[in-house]
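This one's a predicted model, so the numbers in the text were calculated from it and none came from an experiment. The sequence lines fix the lettering, A, B, ..., with proteins before strands; numbering per chain opens at 1.
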2 protein chains.
Amino acid sequence: MARAALRILDDDGLPDLTMRRLAASLDVQPSALYWHFPNKQTLLAELADRIVAQAAPRRAGADAGSHTRAAAFALRDALLAYRDGAEVVSSTLALGLGAASAREGLADAIAADGFARTDADRAATALLHFVMGHVSHEQQRLQYDSLGVVAPEAGGAGLGASGSADDFAFGVDLLIGGLQAARARVSEG
Amino acid sequence: MARAALRILDDDGLPDLTMRRLAASLDVQPSALYWHFPNKQTLLAELADRIVAQAAPRRAGADAGSHTRAAAFALRDALLAYRDGAEVVSSTLALGLGAASAREGLADAIAADGFARTDADRAATALLHFVMGHVSHEQQRLQYDSLGVVAPEAGGAGLGASGSADDFAFGVDLLIGGLQAARARVSEG
DNA sequence: ACCTGAACACCGTTCAAGT
DNA sequence: ACCTGAACACCGTTCAAGT
């Protein structure tokens, strides 16, 4: 059932993922779904859990902040793996139900890069927000572009989707750089 | 009309901001709205523009990165000024229609802090994504908390809404620190 | 120029009743 | 245990027609 929902999500997008459409895809009446899930929100939380769980840990390099970078890209890839994945995860993030593991994964990676646990937790929150914001934006653009509702990249630069990975890396490196600078400041006294 | 919509948004939230409800608040038939706006999306873009436009530039301090910090907080305040403000702005960001000025405002502030224009533009994108992600999360929590659908802060720390401003500042300072570190690296050669 | 009336094609959710 | 049938209270949008 969650599988069928993910299929609709990926094929037709979040707006088309309705309880009625999901029921139809399972050859069942819409009301039948409410025996399995109390409401749509809970269904989406389940999907969010599955999406972030797919985040396969990448091999971390040897350079500074490489675990953090790897975890951030792994999360991005997991979100990009399903159409509107970021939207789904974002919508359930505040509930604290699903996708909590995403934050923990980032925090662990930051700690693995040798940063203090207290900093790692707060930085993970910041990084998570950046990742969600970035990928949401990226996927929204993909959707609008495919609909022909093009918008010539507000600001004028017009780098397009190809620049997204670069922009993402830039943001991640900025946060890592900030962490390193903070650590350097402390160790200097 | 946009005024009436903002009123509903603030009083009852985005889910209750329907075309039918807006029409009723104006003592008009729903179909009448379509003479003024082609669709709901355009209406929301208009609202996003107005929300972001309210971002009153704060007085920047004298310390490094103060313009950037001030602009980030001004944007956060503007988003927080309306219920679900971040959601509304996020939803129209990818369209490139409304809220484009938010990114420009941040980029200008970063440049005003003495960073190179090319870095400023990319950093503004990262900062914007962080701000949107953070405030969206914050406002979603506010809504869930008020509905009693409490979630004990995934992760266990349980800092609550009071920690939001601190977390926000931490994230902004991380990004500013990253920019400074990058600049230092360049000037060293 | 601006709005009404009526319709079209949908939603999420509930709940008695069936098997 | 799991599903159907039927209903409730909604959506956004279109479009001829009115003033």
Counting side-chain heavy atoms from CB outward, which of dG12(D), dG12(C), dC3(D) is closest to H36(A)? dC3(D)
If you check every side-chain atom of R20(A), which of dC3(D), dG12(C), dT13(D) has the closest atom? dG12(C)
Any ion pair linking R117(B) and D108(B) (charged N to carboxylate O, less than 4.0 Å)? yes
M19(B) has an atom CE; how far is it from atom P of dT4(C), in whole Å? 14 Å
Out of dT4(D), dC2(D), dT13(D), minimum distance to the side chain of N39(B) belongs to dT13(D)
To the nearest Å, how far apart are D27(B) CG and dT4(C) P? 9 Å
Rounded distance in Å - CG (L17(A)) to P (dC10(C)): 16 Å
Write down the distance between CG (L22(B)) and P (dC11(D)), rounded to a whole number of angstrom. 12 Å
Decide if atom CZ of R7(A) counts as having more than 12 heavy atoms of other residues, nucleotides or ligands within a radius under 6.0 Å. no
Residue pair T125(B), D167(A): steps toward the side-chain hydrogen bond (donor to acceptor under 3.5 Å, both in side chains) verdict: CA-CA 8 Å; T125(B) 303; D167(A) 278 4; 4.7 Å; no
Over 60° means perpendicular and under 30° means parallel, so tell me whether F168(A) and F130(A) are parallel, tilted or perpendicular. parallel
Looking at the side chain of W35(B), which of dC2(D), dC2(C), dC11(C) is the nearest nucleotide? dC2(C)
Measure from CD on Q29(A) to C1' on dA17(C) and round the result to the nearest Å. 14 Å
Which base, if any, makes a Watson-Crick or G-U wobble pair with dT13(D), both distances under 3.5 Å? dA7(C)
Minimum-distance nucleotide (side-chain atoms of A32(A) versus dC3(C), dT4(D), dG12(C)): dT4(D)
May I ask which nucleotide in the shown strands pairs with dG18(D), Watson-Crick or G-U wobble, both distances under 3.5 Å? dC2(C)
Does a side-chain N-to-carboxylate-O contact under 4.0 Å join D119(A) and R183(A)? no
Rounded to the nearest angstrom, tell me the gap between atom CG in L33(A) and atom P in dC11(C). 12 Å
Using whole Å, what does the distance between atom P of nucleotide dC11(C) and atom OH of Y34(A) come to? 11 Å
From dT4(D), dT4(C), dG12(C), nucleotide with atom closest to V28(A) side chain: dT4(D)
Using only heavy-atom distances, decide whether a donor-acceptor pair under 3.5 angstrom links the side-chain of S31(A) to the base of dG5(D). yes
Once you round it to whole Å, what is the distance between P of dC11(D) and CG of D16(A)? 20 Å
